[in-house]
2 protein chains.
Amino acid sequence: MPDDPKRRGPTRAAELTELEGCVLGVVWDQGPCTAYSIRRVFASSPSPHWTGSAGAIYPLVRRLRTRGLLESGDHPAGPDRGQTCRLTPRGRRALRSWLAPPFPDWAVGVPVDPLRTRLRFLAALSPAGRARFLGEAERKLREHIAEVRRDYRRRLAESDRFDWLMARGALRMLRARLDWLREVSLELKKDPNHR
Amino acid sequence: MPDDPKRRGPTRAAELTELEGCVLGVVWDQGPCTAYSIRRVFASSPSPHWTGSAGAIYPLVRRLRTRGLLESGDHPAGPDRGQTCRLTPRGRRALRSWLAPPFPDWAVGVPVDPLRTRLRFLAALSPAGRARFLGEAERKLREHIAEVRRDYRRRLAESDRFDWLMARGALRMLRARLDWLREVSLELKKDPNHR
DNA sequence: TGTGACATGTAATATGTTACATGATTGA
DNA sequence: TCAATCATGTAACATATTACATGTCACA
């Protein structure tokens, strides 16, 4: 194999992974906070991409501390209750450089979509199975859109402008998927048995 | 932490990861083929999500063989040149059940978008930095759309209907992102300094 | 005969998940 | 006081990446 086509790394010393960038962003956003409160942000976010599992966050925060991007302060409820962390100047620079252009190619590339992935192999199902696939996908997608909308409305009060814009982006994405599913349905109805 | 909010597993014995499902799909699609040819499919796919690295594919194929989802045959160029693999009946069932509803929630949820992720923290940049972010993102996104379109046209001859539908989906996704970026730009122009 | 592409793998490494362990706090 | 929840972690595990180690084949 050419052994190079889409390399992601090696992570230069100064570079951040997505999760590291997000964690710095959360700390920047919240001000001094504990690892646990960072976890809660991920756990309560509507995106299922990261669970904010303890085994991810605690070691990661330690790593960022070691690299001098976070520094610790005392916990407001007493020093024996763990530590809060806040951005160092270097951490702030790292956040900005993760955030800002130039973007890696994969960040701009086609986003991964598990439904699209599966559709590639849809011909492996019977025509009836294909119809079920599309029906179920459309149903769950509509449900999910409604849920995102609700969540977004519920958070309107606390959310700033960028939260709002993110939600708009997520909804645009979901609607594009839904439109696409309907297009696929129409296409398959024309000729359900065609491979 | 509630220690449960978005659990992904534990992978039941019969379940497949995304990559495993895709590999079964590729084998189903291509008929008997070698691990190397599976790698090539991933490496040449326009999606950057998996590199099809040797260290991922070879052990994975072995795993699927052990689980009885793939079985090996002789290599057409001689038995000392490795083995081809093809789906067993169980493998075919596994593929169909990975493919078909019910879908896991995260498969229908908002797709991950690194640009959207970053935008959440855009307020950490200066107003000029924000403008650069949006300009660069839009530029690279347009470039990428053109590239996907070219790739799609180039493959038109060899591609079946589902390839075509996948490409349509990818383009819809990319266009939705582009429209969103333009919406964000307009929004920020109204009031560039507002946090 | 040697150079580069093709092909098959393994090893070291990194990262994230689940599951578990532990202690403090709260409240019925 | 006992259970549930909050909070902080660690351990075992799975999986994917990069980088490396080989071997074969075409062909100049």
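A note on names: the letters A, B, ... follow the listed sequences, proteins ahead of strands, and every chain is numbered from 1. Keep in mind it's a predicted model, so treat the numbers as computed, not measured.
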Problem set entry | Protein-nucleotide distance (F42(A), atom CZ; dT17(C), atom C1'), rounded to Å | 15 Å
Problem set entry | Nearest-nucleotide pick for T34(A), side chain only, options being dT8(C), dT18(D), dT8(D) | dT8(D)
Problem set entry | I57(B) CD1 to dT15(D) P, straight-line distance once rounded to whole Å | 13 Å
Problem set entry | Nucleotide nearest R62(B) (side chain, heavy atoms from C-beta), chosen from dT10(C), dA16(D), dG16(C) | dT10(C)
Exercise. So, is S53(A) close to the dT18(C) phosphate, meaning a side-chain N or O under 4.0 Å from OP1 or OP2?
Worked result: no
Exercise. Roughly, in whole Å, what's the span from CH2 in W50(B) to C1' in dT15(C)?
Worked result: 16 Å
Exercise. Given atom CD of E20(B) and atom P of dA14(D), what is their separation to the nearest angstrom?
Worked result: 12 Å
For this session: Could you tell me the separation between the CG atom of L64(A) and the P atom of dG16(C), rounded to a whole number of Å?
Result: 11 Å
Seminar exercise, completed: Between L165(B) and E187(A) the two heavy atoms that sit nearest each other are CD2-CG, 4.0 Å
Exercise. Whole Å only: how far is the CZ atom of R63(B) from the P atom of dA16(D)?
Worked result: 6 Å
For this session: Among dA7(C), dA7(D), dT15(C), find the nucleotide with the atom closest to the side chain of Y36(B).
Result: dA7(C)
Exercise. What are the two closest non-hydrogen atoms of W180(B) and R116(B), and how far apart are they?
Worked result: CH2-CA, 3.8 Å
For this session: Using the six-membered ring wherever Trp is involved, compare the ring planes of W98(A) and F121(B) and label them parallel, tilted or perpendicular (cut-offs 30° and 60°).
Result: tilted
Problem set entry | Selected nucleotide, minimal atom distance to L19(B) side chain, candidates dA19(D), dA16(D), dT17(C) | dA16(D)
Problem set entry | Of the listed nucleotides dA7(D), dT8(C), dT18(D), the one nearest the side chain of Y58(B) | dT8(C)
Problem set entry | For atom CZ of R39(B) and atom C1' of dG9(C), their distance in whole Å | 9 Å
Problem set entry | Exam field: side chain R172(B) to backbone R168(B), donor-acceptor pair closer than 3.5 Å | no
For this session: May I ask you to list the residues sharing a hydrophobic cluster with M173(A), side-chain cutoff 4.5 Å, ordered by chain and number?
Result: M173(B)
For this session: To the nearest Å, give me how far apart CZ (R40(A)) and P (dC6(D)) are.
Result: 9 Å
